[in-house]
Structures are given as C-alpha cells and as structure tokens.
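Have a look at the structure below, then the notes.
Here, residue 1 is the first one in the sequence, and each next residue gets the next number. None of these values were measured; they are calculated from a predicted model.
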Amino acid sequence: MIKECGEKSIKREEKDWIKIPNHHEAIIEKETFEQVQEKLLHFKIENKKERKYIFKGKIFCGYCHHAMNERVNKNPIFLCRYSEVDTSFPCYRLTIAEKEIEEITFQMILRQIDVIKDTKQTDHIEIQTKLKIELQNQIQLYHEKKKILYEAVY
C-alpha cells in the first residue's frame, strides 16, 4: 500500500480483506510458513500483566476540566495533556503525584466515615431522647395515680 502524505493507514478486519490467492511466487514454502507461525504463537505472551489504574478516567484538571493522564514511572504522576502544547493555559505542565491523590482520597473517605458515625450517634441520641420522654410521661402518670390514691385514703 502506498501511503500519501497525511493519510492514515487503517488496519481492517480480516473479513474485509481482498485476497488474491497465488498472486505471486512464495519466498518460502507454505509448510515452513505455517511452522513459523505456530512457534510465534507459542512464544506470544498471553497473560501479560495489565496494570489496573484505580483512578483511570476519574482525575480531571481543575482549570480546563479535561481528564488527566497517568504517566507511570518510578513515581507515577497525573498530568493535564490537553494543555501540554499551549504554554498560555494555566494548567500547562500541571502534574500531581499519584501518592498525593491516594492520600487525599483516603482522607476524604475517613471524613465520610466520620459523618456516617456521627449520623448513627445522632440517631442513637434521638432514640434515647424519645425513650427518656416516654419514661418521663410514664413517671408523670404514676405520680398522678399515686396522688389520686393518697387523696382516696385521706
């Protein structure tokens, strides 16, 4: 395929290929070709470890609101690639360390847990308050019955 300047080469699915059998003379025998293909498949790494990024697609630039990309190295960082070429953007060369994002996320989760715990404590206090009011009403009722009994005796 001759590629003209500015064109993109697009890999098509095999079903869309136009095949012309025996179009030209083979360089190697078909059996040798098949054997080499088998060996290549044998050495292909199938279970390549793919790193799952917990923050992938979840970290956005605070200035331009585009997704930040993770650059994995010894100390992984997120950077705003949208503004990487334009020095006038306020987020030009903006980066944040993955460890920093993890720490911020952890602190926010702890705050959420505290809010939930406080809510449960508040619910518990409300239940105790309602119970206390009921008990006070019962005590008041018993005081009135006691008063009525004293008056009946005297």
Side-chain angles (χ1 to χ4, degrees), residues 1-19 33-153:
M1 167 188 227
I2 297 175
K3 193 164 123 175
E4 291 183 24
C5 188
E7 278 189 29
K8 288 186 177 181
S9 175
I10 301 170
K11 187 173 182 176
R12 300 187 188 277
E13 293 182 27
E14 190 171 352
K15 66 179 176 113
D16 296 332
W17 293 358
I18 300 171
K19 296 181 182 180
F33 176 79
E34 296 296 332
Q35 288 174 353
V36 170
Q37 292 303 311
E38 270 186 48
K39 289 190 183 218
L40 285 174
L41 288 174
H42 176 70
F43 287 108
K44 186 177 177 185
I45 301 172
E46 291 180 18
N47 295 330
K48 183 180 176 186
K49 288 186 180 179
E50 190 176 307
R51 183 171 174 205
K52 302 286 184 194
Y53 302 106
I54 191 168
F55 297 114
K56 184 177 183 178
K58 295 175 180 76
I59 307 297
F60 293 88
C61 176
Y63 292 104
C64 67
H65 306 290
H66 285 89
M68 295 181 78
N69 293 23
E70 185 169 20
R71 187 164 289 160
V72 181
N73 52 22
K74 188 177 180 181
N75 300 312
I77 59 167
F78 281 87
L79 67 144
C80 182
R81 298 240 350 204
Y82 183 76
S83 64
E84 203 169 41
V85 292
D86 191 351
T87 58
S88 67
F89 274 68
C91 51
Y92 177 71
R93 290 195 173 169
L94 176 72
T95 63
I96 184 166
E98 185 179 51
K99 284 186 178 187
E100 204 173 330
I101 292 172
E102 287 173 353
E103 182 60 34
I104 291 167
T105 305
F106 182 70
Q107 292 302 322
M108 291 189 75
I109 290 170
L110 287 177
R111 286 184 192 160
Q112 296 270 333
I113 290 170
D114 287 343
V115 167
I116 291 169
K117 284 171 43 179
D118 287 345
T119 304
K120 285 184 178 180
Q121 288 176 353
T122 305
D123 291 345
H124 183 69
I125 291 170
E126 287 177 20
I127 291 170
Q128 284 183 339
T129 306
K130 288 177 183 176
L131 184 61
K132 183 178 176 182
I133 291 171
E134 285 179 28
L135 291 173
Q136 285 176 338
N137 288 339
Q138 284 181 358
I139 290 171
Q140 183 65 31
L141 201 89
Y142 288 130
H143 278 297
E144 289 174 10
K145 285 183 179 181
K146 180 180 165 185
K147 184 178 176 184
I148 291 170
L149 289 172
Y150 275 129
E151 289 174 356
V153 172

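Applying the side chain to side chain contact (heavy atoms under 4.5 Å, CB included) rule to Lys15 yields the partners Glu13; only residues at least two apart in sequence or on another chain are considered. In this view, Glu144 satisfies the salt bridge (charged side-chain N to carboxylate O under 4.0 Å, His left out) rule with no residue, not counting sequence neighbours. Scored by the salt bridge (charged side-chain N to carboxylate O under 4.0 Å, His left out) test, Lys146 finds no partners at all (sequence neighbours excluded). By the ring pair (Phe, Tyr, Trp, His ring centres under 6.0 Å) test, Tyr92 pairs with no residue at all, sequence neighbours left out. Taking Ser88 as the reference, Asp86 meet the side chain to side chain donor-acceptor pair (under 3.5 Å) condition, with sequence neighbours excluded. Partners of Gln107 under the side chain to side chain contact (heavy atoms under 4.5 Å, CB included) rule, at least two apart in sequence or in another chain, are Glu103, Leu110.
Rounded to the nearest 0.5 Å, atoms SG (Cys61) and CG (Asn69) are 11.5 Å apart. Glu98 contributes atom CD, which lies 10.0 Å from atom CG of Asn73 (distance to the nearest 0.5 angstrom). Atom CD1 of Ile101 and atom CD1 of Ile54 lie 11.5 Å apart (nearest 0.5 Å).
By the 6.0 Å contact criterion, CD on Gln138 is enclosed, its count of non-hydrogen atoms from other residues, nucleotides or ligands being greater than 12.
Side-chain contact between Thr105 and Ile109 is present, with heavy atoms from C-beta onward closer than 4.5 Å. Contact of the Thr95 side chain with the Phe78 side chain is not registered, since no non-hydrogen atoms from C-beta on lie closer than 4.5 Å. Residues Phe60 and His65 fail the side-chain proximity criterion, which asks for heavy atoms closer than 4.5 Å.
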